[in-house]
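Comments concern the structure below.
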Amino acid sequence: MLIVIEGVVLPERRKFRPSDWAEMLIEGAGLAHFGPNHKIHYEDDVEPATIGGCASIIFDEALEQSHPEAYAELLHFATKNNLNIFMKEGTIPHGDGLAAGREHHANQVLVDQDSRLPVEEKKDWRVVKT
């Protein structure tokens, strides 16, 4: 199950600022590092994404087991800032670029087209390049 923190403030649904908050939070939580190719690499269970023009974070609930402090930090930040949080079935592609039998680029993440609550009404997902 994926947890999505969408960069919109509830209840008014205004865009959360600064626009790079997702990357900064992921890096600050220790879930990203620079690789030998001088590009940023994210842990397998977390990715920044863009949903409806808003910066967002998508992470697997397994992050709670592998990085409990970072998991708590992400959710605390989202709750404290009244960001939209929802869950969705899916996977984050890993280093081999494959997720759940689907072929797609390693830098793509599955995100919901309609992030309004309730989650049960969400059906259509699209792939967004990060």
Side-chain angles (χ1 to χ4, degrees):
M1 187 68 79
L2 295 177
I3 300 171
V4 180
I5 301 173
E6 184 185 22
V8 294
V9 180
L10 297 176
E12 60 271 6
R13 297 199 56 83
R14 66 178 165 78
K15 185 183 274 190
F16 186 73
R17 299 286 184 190
S19 60
D20 63 346
W21 71 269
E23 291 89 354
M24 291 190 318
L25 181 57
I26 292 170
E27 292 168 23
L31 297 171
H33 64 277
F34 282 98
N37 59 358
H38 304 289
K39 292 185 178 181
I40 191 118
H41 295 270
Y42 298 97
E43 291 292 327
D44 285 342
D45 292 334
V46 65
E47 281 285 336
T50 301
I51 301 174
C54 295
S56 303
I57 297 175
I58 300 174
F59 57 101
D60 194 293
E61 64 183 345
L63 191 69
E64 184 176 18
Q65 299 300 316
S66 61
H67 297 85
E69 296 86 9
Y71 177 88
E73 185 174 343
L74 294 177
L75 291 178
H76 174 74
F77 179 89
T79 302
K80 184 175 84 172
N81 289 288
N82 296 322
L83 299 179
N84 189 22
I85 305 169
F86 59 92
M87 296 182 79
K88 183 68 179 181
E89 288 188 24
T91 59
I92 294 176
H94 295 280
D96 61 4
L98 301 176
R102 291 183 63 177
E103 292 188 30
H104 54 272
H105 191 273
N107 289 333
Q108 294 178 333
V109 185
L110 298 176
V111 297
D112 197 325
Q113 287 186 359
D114 183 5
S115 56
R116 294 173 298 194
L117 296 176
V119 174
E120 294 79 39
E121 293 180 5
K122 297 180 180 127
K123 293 179 178 67
D124 298 317
W125 280 63
R126 63 187 170 98
V127 176
V128 174
K129 292 183 181 181
T130 58

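Remark: side-chain polar atoms of N81 are not paired, donor with acceptor, to backbone N or O of L83 under 3.5 angstrom.
Inter-residue side-chain proximity for P18 and M24 is flagged as met; some heavy-atom pair is nearer than 4.5 Å. Put simply, the side chain of H67 does not reach to within 4.5 Å of the side chain of D45, judged on heavy atoms. When side chains are defined from C-beta on, Y42 counts as touching E23, because their heavy atoms get closer than 4.5 Å. The side-chain heavy atoms of I3 and L74, taken from C-beta on, include no pair separated by under 4.5 Å.
Ion pairing between a basic and an acidic side chain is recognised when a charged N comes within 4.0 Å of a carboxylate O; E73 and K80 show no such pairing.
Between the CD atom in Q65 and the OH atom in Y71 there is a gap of 9.0 Å [rounded to 0.5 Å]. Atom CG in L75 sits 9.5 Å away from atom CD1 in I57 (nearest 0.5 Å). In this structure, CZ on R14 lies 8.5 Å from CG on N82, to the nearest 0.5 angstrom. E6 contributes atom CD, which lies 11.0 Å from atom NZ of K15 (distance to the nearest 0.5 angstrom). A distance of 4.0 Å separates CD1 of I85 from OG1 of T79, quoted to the nearest 0.5 Å.
Scanning all heavy atoms of the two residues, the minimum distance from S56 to G7 falls at OG-N, 3.5 Å. Residues H41 and F34 approach most closely at CD2-C, 4.3 Å, considering heavy atoms. The shortest non-hydrogen separation linking A55 to S19 is CB-O, 3.3 Å. For E89 against M1, the heavy-atom pair with the smallest separation is N-SD, 3.5 Å. What you find for E47 and I92 is that their closest heavy atoms are CG-CG2, 3.6 Å. When all heavy atoms of P48 and A22 are compared, the pair lying nearest together is CB-CB, 4.5 Å.
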* To do: Would you sort out whether L31 and L63 count as a side-chain contact (heavy atoms from CB on, under 4.5 Å), showing the intermediate values?
  => CA-CA 10 Å; L31 297 171; L63 191 69; 4.0 Å; yes
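Judged as a salt bridge (Lys or Arg N to Asp or Glu O under 4.0 Å), and not counting sequence neighbours, E69 has no contacts.
The local environment of NE2 in H76 is sparse, with at most 12 non-hydrogen atoms from other residues, nucleotides or ligands closer than 6.0 Å.
The aromatic rings of W21 and F77 sit parallel, their planes meeting at an angle under 30°, below the 60° perpendicular limit.
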